[in-house]
Enquirer: 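Pasting in a structure now, in structure tokens, and then I'll have a few things to ask.
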Amino acid sequence: MNYSVCLLAAGKGTRMKLPYNKVLHRLKKNKTVLDMSLSIFLRDSECKQVVLMYAKEDESYMIERYGKIHRVELHEGGMTRQESAGIGLHFVNQDYVMIHDAARPFVTKEQIDSLKVALETEDACLLMIPSVDTIKIVKDGYVETTPLRQHVYNAQTPQCFKTSLIKKCYEKSLLEGRQATDDAQLVEWYTDVPIKVVLGDLNNKKITLPQDIPA
Ligand code: CTP
Ligand code: MG
């Protein structure tokens, strides 16, 4: 299953409170968060293209570090994650695309392989984990309802789609000026296409807050 990845690194990482973009933070063996999330895809020969979205302020660093890597294309992102993904999708040249947060450096080859297997029969799938917490719907400071926990999952990335499908959904959201919180939500809004759940695991967390950086 050949595919492109749209790798989103164009944020600012404000909640991480570092003086630079969190995806450029060095984890183990001097590898940055972005180095790690990129290398998992570069090791996969079926990943034919990496559309790497960067923030304007990181431009020279990104070109210097990744500009000459075969399969990697650099593009400037937008103001929001959705905007960055929408821009990136214009450049995708494979029939299937995985949209991945560069801030999730711990995704595994096995998880990517499971997503590829799902894409053989599905047009949309994503990594999810069953919620370990009880989730409550709250309105104006008071609990409204509690969804059944076995129905509640946390969405992760990669989120994977037939490219033509997700491009159409992004175009519609742009026309309507509607902001989703992940990519799959756009498919839920604009199509009846089923979205297959592929089980991820807790290790594939998004580096968001200072305590998310492993000691
Ligand atoms: N992202 C992006 N373009 C944006 C905003 C976010 O490509 N305009 C990317 C981030 O680089 C990150 C992923 O989307 O890899 C998930 O977003 P998030 O964790 O919210 O990262 P930031 O927006 O950078 O962090 P914060 O919200 O704390 O500022
Ligand atoms: Mg953000």
Side-chain angles (χ1 to χ4, degrees), residues 4-27 31-42 47 49-67 69 72-92 97-108 111-112 115 126-129 153-161 163 166-167 169-171 173-174 177-187 200-214:
S4 295
V5 60
C6 180
L7 189 58
L8 302 175
K12 290 192 166 58
T14 40
R15 285 170 288 177
M16 189 58 82
K17 296 190 165 64
L18 289 167
Y20 49 87
N21 185 351
K22 66 184 179 182
V23 300
L24 308 183
H25 186 71
R26 286 177 195 282
L27 296 174
K31 280 185 136 202
T32 64
V33 172
L34 174 56
D35 288 340
M36 290 174 66
S37 43
L38 175 61
S39 68
I40 188 79
F41 291 103
L42 289 179
C47 175
Q49 179 197 30
V50 179
V51 176
L52 173 53
M53 305 308 293
Y54 64 83
K56 182 77 187 159
E57 41 273 64
D58 300 326
E59 183 166 46
S60 50
Y61 173 94
M62 292 285 188
I63 292 172
E64 165 89 28
R65 194 169 178 91
Y66 304 111
I69 303 177
V72 176
E73 279 182 31
L74 289 160
H75 296 284
E76 191 182 327
M79 296 288 284
T80 62
R81 180 192 183 280
Q82 187 168 329
E83 218 182 296
S84 297
I87 296 168
L89 285 172
H90 288 300
F91 302 101
V92 165
V97 59
M98 297 198 183
I99 302 177
H100 186 57
D101 292 333
R104 289 187 194 269
F106 306 117
V107 65
T108 63
Q111 287 162 348
I112 290 170
L115 291 163
L126 78 166
L127 285 182
M128 301 246 276
I129 48 169
Y153 282 69
N154 292 98
Q156 302 181 332
T157 71
Q159 302 200 356
C160 313
F161 308 94
T163 306
I166 193 69
K167 278 176 97 163
C169 294
Y170 264 86
E171 278 158 22
S173 72
L174 194 63
R178 206 167 166 202
Q179 291 285 325
T181 51
D182 72 350
D183 313 293
Q185 195 173 15
L186 298 176
V187 176
D201 70 48
L202 274 171
N203 288 334
N204 181 28
K205 69 175 177 196
K206 182 162 68 72
I207 295 194
T208 306
L209 303 170
Q211 56 264 40
D212 295 331
I213 292 183

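Just so you know, ligand 1 is whichever comes first in the structure, and atom 1 is the first atom listed for that ligand.
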Enquirer: So which residues, sorted by chain and number, lie with a heavy atom under 4.0 Å of ligand 1?
Expert: L8, A9, A10, G11, K12, G13, T14, R15, K22, G78, M79, T80, R81, S84, D101, A102, A103, K206
Enquirer: Quick check against the 3.5 Å criterion: does D101 have a side-chain atom that pairs as donor or acceptor with the backbone of A103?
Expert: no
Enquirer: Applying side chain to side chain donor-acceptor pair (under 3.5 Å), can you list everything that pairs with T163, at least two apart in sequence or on another chain?
Expert: none
Enquirer: Looking at N204 and T157, would you say the former's side chain and the latter's main chain have a donor-acceptor pair under 3.5 Å?
Expert: yes
Enquirer: Can any side-chain N or O of S84 pair as donor or acceptor with the backbone N or O of L8 at less than 3.5 Å?
Expert: no
Enquirer: I'd like to check V107 versus L127 (side-chain heavy atoms, cut-off strictly below 4.5 Å). Are they in contact?
Expert: yes
Enquirer: Counting N and O atoms only, with roles assigned by atom type, does the side chain of Q159 sit under 3.5 Å from a partner on the main chain of D183, one being a donor and the other an acceptor?
Expert: yes
